[in-house]
Amino acid sequence: MASTARRMFELLEPICLVTFFADECNEEMAALGHRTYWDGYFASRAAPLGRVPAQVVHAAFYSFADGEAARHIPSAWETIPPEASLAARERGSAASLRRILGDELAGSPGLVRAADLTTKAATSAPMEGRVMYAGMRTLPVPADPVARLWHSATMLREHRGDGHVAALVCTRIGGTEAHVLSALAMGIHPPETFGRIHHLPKKRLAAVMDGLRERGLVDADGRFTDAGRETQHRVEALTDELAAPPYDALSPAELDELITELEPVTARLAAAGSR
């Protein structure tokens, strides 16, 4: 099932990426009054947790540097209710999907079936230890098939993300360290130039790299050691294993059908870069 989880991640991730890459979601957030992209990001993604302190958001998101969540939470909720940001995220994401997919594919019976099966998987996993996923499970599932597909794919993304955090904690890899290892796995060197961390203070990045060197995960030149590469593979393998339970709810025939129906959707979104 770990290989199934990896395949489903490959198929579902382009659906989720419209939230972050396409214009419609950003426009919806700006129309609400969010001043920056990151105000809208934190306000809408953290909203299913309720009005929790920044420390809780930081812990749940895991991959952001110290203080980044606190720059947006709770200030992003002070004049714009979390529920409004959630609704804007759904509207914008569904609008992006409809635009990229086109009327024929967005309105096809195959997409409806994919939405139904994705929802069946997304609402069937245990919630224990899955903070972000549990928050998403409290939200109503949209009736519109395109919005439902996005919503359920996002639920599964958060479920996988919770498992990924668990895998990182087990391996004693912090959030910024995880970005360094991901950058190296993608062939980015030096890893400090990776877009998710390049803005951090040089002193902070140097300390992270020094820590990884001390553990033998990167070499003097900031590249993977064998131990570092093995650690990265171990984290990804455990993430796949922990992401598998939702798909136990689908029969083999349903899983095959879901993959078949998602393939043209994913292909169209991937060709557009999900934007």
Side-chain angles (χ1 to χ4, degrees), residues 15-97 99 122 127 129-144 146-148 150-162 164-165 168-169 174-176 178-179 194-201 203-205 274-275:
I15 296 169
C16 303
L17 290 181
V18 298
T19 305
F20 314 113
F21 293 166
D23 290 336
E24 287 87 344
C25 194
N26 290 332
E27 291 168 355
E28 289 278 358
M29 293 297 174
L32 282 182
H34 287 302
R35 297 166 300 170
T36 69
Y37 169 88
W38 290 111
D39 274 351
Y41 173 90
F42 277 93
S44 60
R45 187 179 170 213
L49 300 176
R51 291 179 182 265
V52 295
Q55 293 92 329
V56 174
V57 175
H58 175 71
F61 284 17
Y62 194 76
S63 62
F64 288 88
D66 290 345
E68 289 193 300
R71 284 200 285 272
H72 308 280
I73 298 297
S75 61
W77 292 334
E78 287 175 354
T79 58
I80 303 167
E83 297 79 10
S85 296
L86 269 175
R89 182 174 72 152
E90 179 185 307
R91 285 195 307 271
S93 299
S96 297
L97 288 176
R99 171 180 56 79
M127 289 185 282
R130 309 276 185 163
V131 174
M132 293 300 300
Y133 170 67
M136 285 290 295
R137 280 282 299 271
T138 67
L139 305 178
V141 176
D144 172 73
V146 173
R148 185 163 70 251
W150 170 82
H151 178 89
S152 296
T154 299
M155 267 199 283
L156 289 167
R157 188 178 199 264
E158 295 290 18
H159 179 278
R160 182 184 179 87
D162 286 331
H164 187 58
V165 169
L168 291 169
V169 171
T176 305
H179 286 314
F194 183 35
R196 290 295 306 274
I197 58 174
H198 72 88
H199 63 286
L200 297 179
K203 186 175 180 179
R204 164 67 177 154
L205 290 175
S274 294
R275 63 176 71 237

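This is a predicted model, so every value here is computed, not measured.
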Would you say the side chain of Met132 lies within less than 4.5 Å of the side chain of Leu49, judging by non-hydrogen atoms?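 When only atoms from C-beta onward are counted, Met132 and Leu49 do touch, with a gap below 4.5 Å.
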
Drop me the distance from [X]'s [atom1] to [Y]'s [atom2], to the nearest 0.5 angstrom.
| X | Y | atom1 | atom2 | answer |
| --- | --- | --- | --- | --- |
| Cys16 | Leu156 | SG | CG | 8.0 Å |
| Met127 | Met136 | CE | CE | 13.0 Å |
| His151 | Leu139 | NE2 | CG | 5.5 Å |
| Thr36 | Phe42 | OG1 | CZ | 9.5 Å |

Pairs meeting criterion side-chain hydrogen bond (donor to acceptor under 3.5 Å, both in side chains) with involvement of residues 18-28, two or more places apart: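 Listed once each, the pairs are Thr19-Ser93, Thr19-Trp150, Glu24-Ser96, Glu24-Arg99, Glu28-Arg91.
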
Under the side-chain hydrogen bond (donor to acceptor under 3.5 Å, both in side chains) definition, can you give me all pairs with a residue in residues 49-61, not counting sequence neighbours? His58-Asp66

Residues in side-chain hydrogen bond (donor to acceptor under 3.5 Å, both in side chains) with Arg275, at least two apart? none

Could you pull out all residues at least two apart from Ser274 that satisfy side-chain hydrogen bond (donor to acceptor under 3.5 Å, both in side chains)? none

Evaluate side-chain contact (heavy atoms from CB on, under 4.5 Å) for Val57 paired with Phe64, printing each intermediate quantity in order. CA-CA 10 Å; Val57 175; Phe64 288 88; over 6 Å; no

Minimum-distance pair of heavy atoms, taken over all atoms of Ile15 and Val18: O-CG2, 3.2 Å

Nearest heavy atoms of Leu205 and Leu200, plus distance in Å: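 Distance-wise, the nearest heavy atoms are CD1-O, 3.9 Å.
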
Quick one: list whatever passes salt bridge (Lys or Arg N to Asp or Glu O under 4.0 Å) with [X], sequence neighbours left out.
| X | result |
| --- | --- |
| Arg71 | Glu68 |
| Arg35 | Asp39 |
| Arg130 | none |

Can you check side-chain contact (heavy atoms from CB on, under 4.5 Å) on Glu158 and Val131, steps first, answer last? CA-CA 9 Å; Glu158 295 290 18; Val131 174; over 6 Å; no

Phe20: which residues meet the side chain to side chain contact (heavy atoms under 4.5 Å, CB included) condition with it, sequence neighbours left out?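 Scan of Phe20 (side chain to side chain contact (heavy atoms under 4.5 Å, CB included), adjacent residues dropped) gives Leu17, Tyr37, Tyr41, Arg157.
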
Does Val146 have any side chain to side chain contact (heavy atoms under 4.5 Å, CB included) partners at least two apart in sequence or in another chain, and if so, which? Ala94, Leu97, Arg98, Ala106, Leu111, Asp144

Please tabulate, one pair per line, all N/O donor-acceptor pairs under 3.5 Å involving side-chain atoms of residues 73-90, not counting sequence neighbours.
from  : atom 1 : to    : atom 2 : distance (Å)
Ser75 : OG     : His72 : O      : 3.3
Trp77 : NE1    : Ala43 : O      : 3.1
Ser85 : OG     : His34 : NE2    : 2.8

Taking Tyr133 for the side chain and Ala122 for the main chain, is one N or O donor matched with an acceptor at less than 3.5 Å?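 Such a contact is found between Tyr133 side chain and Ala122 backbone.
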
